[in-house]
*Asks:* 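Before I ask anything, let me first share the structure, which is written out below as structure tokens.
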Amino acid sequence: MKVSCQLVVLVVLGLAVGSAFAYDPSPLQDVCVAINDPVNGVFVNGKFCLDPNKVTADHFLARGFNVPGNVSNPLGSVVTAADVQKIPGLNTLGISLVRIDYAPYGLNPPHTHPRGTEILVVLEGTLYVGFVTSNQLGNKLITKVLYPGDVFVFPIGLIHFQLNVGKTNAVAFAGLSSQNAGVITISKSLFGSTPPISVDVLTKAFQVDKNVIDYLQEQFWYDNNN
Ligand SMILES: *[C@@H]1O[C@H](CO)[C@@H](O)[C@H](O)[C@H]1NC(C)=O
């Protein structure tokens with residue numbers, strides 16, 4: 001009798017724990033629209049899996065992250081990613097990495113990662129970094145000046161940036177909590193979309209004249225993500 005009671009308790013606990021872990025996976029790309037026709041059902045949340053018997057070391061390898069990226073561009077920065085596109089073995093593992101190079105006064109402009117928190121370590125140079133909390137928390141700006149060896153965290157989804165405030169090149173590496181964290185560069189998304197967002201929307205949103213929006217929409221919005 002006593003034994004069967006314990007068994008029932010164990011089974012109930014097991015069910016509770018089991019259901020607590022049975023959640024849906026987070027989105028692994030921007031869109032994954034459902035279709036009814038399985039013939040065209042070639043897109044999944046994430047990527048298809050290779051036959052495990054065919055897996056080799058190269059599926060888990062990326063090389064060249066010791067080589068500085070080319071920072072000769074309008075922003076003076078370049079982000080080189082080691083994500084699931086470059087390392088197929090990252091599929092389903094919820095992690096990736098970037099190398100970020102900065103020219104003197106180079107900027108990684110305000111952007112968000114819709115699917116990943118970022119933890120950044122500075123190897124060389126001096127970076128002024130920051131993120132802004134959501135409306136709910138009063139859009140508080142959180143900033144720090146980072147030196148070699150400093151580690152800083154940018155929480156998932158929040159707008160953040162890094163500016164090289166030193167007179168030399170800077171380099172940082174960052175881990176991201178997604179195989180495909182995604183990047184939304186704020187200026188490029190709002191003023192460089194295809195087709196452009198209606199001027200009526202942007203003049204009201206930014207509370208400026210139409211000519212200011214026209215000017216911004218005419219600019220070339222460089223993408224520093226490799
Ligand atoms: C870096 O990029 C610039 C602009 O695209 C190009 O002119 C230059 O040759 C590149 N430098 C190297 C070392 O690849």
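These numbers were taken from a predicted model, which means no experiment stands behind them. Counting starts at 1 for both ligands and their atoms, following the listed order. Heavy-atom basis, side chains included; hydrogens, waters and symmetry copies ignored.
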*Asks:* Can I get a per-line list of side-chain donor-acceptor pairs under 3.5 Å for residues 139-152, giving both atom names and the distance, sequence neighbours left out?
*Replies:*
unit_1: N139; atom_1: ND2; unit_2: T133; atom_2: O; d: 3.3
unit_1: N139; atom_1: ND2; unit_2: N135; atom_2: OD1; d: 3.1
unit_1: D150; atom_1: OD2; unit_2: Y147; atom_2: N; d: 2.8

*Asks:* For F206, what residues pass the ring pair (Phe, Tyr, Trp, His ring centres under 6.0 Å) criterion, not counting sequence neighbours?
*Replies:* F191
*Asks:* How far apart are the closest heavy atoms of I213 and V208, and which atoms are they?
*Replies:* CD1-CG2, 3.7 Å
*Asks:* Using a 3.5 Å distance criterion without hydrogens, assess whether the side chain of W221 forms a donor-acceptor pair with backbone atoms of L216.
*Replies:* yes
*Asks:* Provide the full list of ring pair (Phe, Tyr, Trp, His ring centres under 6.0 Å) pairs with a residue in residues 70-123, sequence neighbours left out, each pair given once.
*Replies:* H111-H113, H111-H160, H113-H160
*Asks:* Under a 4.5 Å cut-off applied to non-hydrogen side-chain atoms, are P104 and N169 in contact?
*Replies:* yes
*Asks:* Where does ligand 1 get N/O contacts under 3.5 Å from the protein, atom by atom?
*Replies:*
unit_1: ligand 1; atom_1: 2 (O); unit_2: N70; atom_2: OD1; d: 3.3
unit_1: ligand 1; atom_1: 2 (O); unit_2: N70; atom_2: ND2; d: 2.4
unit_1: ligand 1; atom_1: 11 (N); unit_2: N70; atom_2: ND2; d: 2.9
unit_1: ligand 1; atom_1: 14 (O); unit_2: N70; atom_2: ND2; d: 3.4

